[in-house]
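Keep in mind it's a predicted model, so treat the numbers as computed, not measured.
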Amino acid sequence: METRLLQILVCPVCKSALRHDRERQELVCSADRLAYPIRDGVPIMLSAEARPLDAASTPAA
C-alpha cells in the first residue's frame, strides 16, 4: 500500500486516521474498532465491508 495514499485515507465512519496491518491486508480504525479489507491492492472503504475487531486481534500499542 502506498504511503501517500495511507496519509489521506480516513475511516469513513468517524474520519479518524487508519493504521495499515500488512499481515492481514487491512486498514484498521482504532477509534471504531473496525478493519477495512484491502483486496488486490484496493482498500474497500465501505462500512458494510468492515470487520469488527475483537480484543484478541489487536496488538498492544
Side-chain angles (χ1 to χ4, degrees):
M1 182 115 234
E2 221 178 285
T3 304
R4 186 169 181 165
L5 181 58
L6 284 174
Q7 292 174 345
I8 61 171
L9 285 177
V10 295
C11 175
V13 175
C14 70
K15 309 302 185 239
S16 294
L18 299 168
R19 177 181 54 81
H20 185 203
D21 183 341
R22 285 177 171 74
E23 185 177 307
R24 289 182 177 235
Q25 285 299 295
E26 295 177 326
L27 295 175
V28 177
C29 175
S30 298
D32 289 325
R33 305 200 40 77
L34 295 172
Y36 297 91
I38 300 172
R39 296 187 190 128
D40 297 323
V42 178
I44 310 300
M45 303 302 294
L46 301 171
S47 58
E49 292 286 324
R51 175 180 70 83
L53 297 176
D54 59 324
S57 70
T58 55

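- Of the possible polar contacts, one joining the Asp21 side chain to the Glu23 backbone as a donor-acceptor pair under 3.5 Å is found.
- Residues Leu6 and Leu18 form no side-chain contact, since every pair of their non-hydrogen atoms from C-beta on lies 4.5 Å or further apart.
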Please evaluate residues Leu34 and Val13 with respect to the criterion side-chain contact (heavy atoms from CB on, under 4.5 Å), reporting the C-alpha separation (whole Å), side-chain torsions for both, the decisive distance (0.1 Å), and the verdict.
CA-CA 10 Å; Leu34 295 172; Val13 175; 4.3 Å; yes
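- Paired with Ile38 under the rule side chain to side chain contact (heavy atoms under 4.5 Å, CB included), one option of Glu26, Arg22, His20 passes, and it is His20.
- Using a 4.5 Å cut-off on side-chain heavy atoms (C-beta onward), Ser30 and Ser16 make no contact.
- Side-chain contact between Arg33 and Arg51: absent, with no pair of heavy atoms (C-beta onward) separated by less than 4.5 Å.
- How far CE of Met45 is from SG of Cys29: 8.5 Å, rounded to the nearest 0.5 Å.
- For Glu49 (side chain) and Leu46 (main-chain N/O), no donor-acceptor pair under 3.5 Å exists by modelled atom type.
- The minimum heavy-atom distance linking Tyr36 with Cys11 is given by the pair OH-SG, 3.4 Å.
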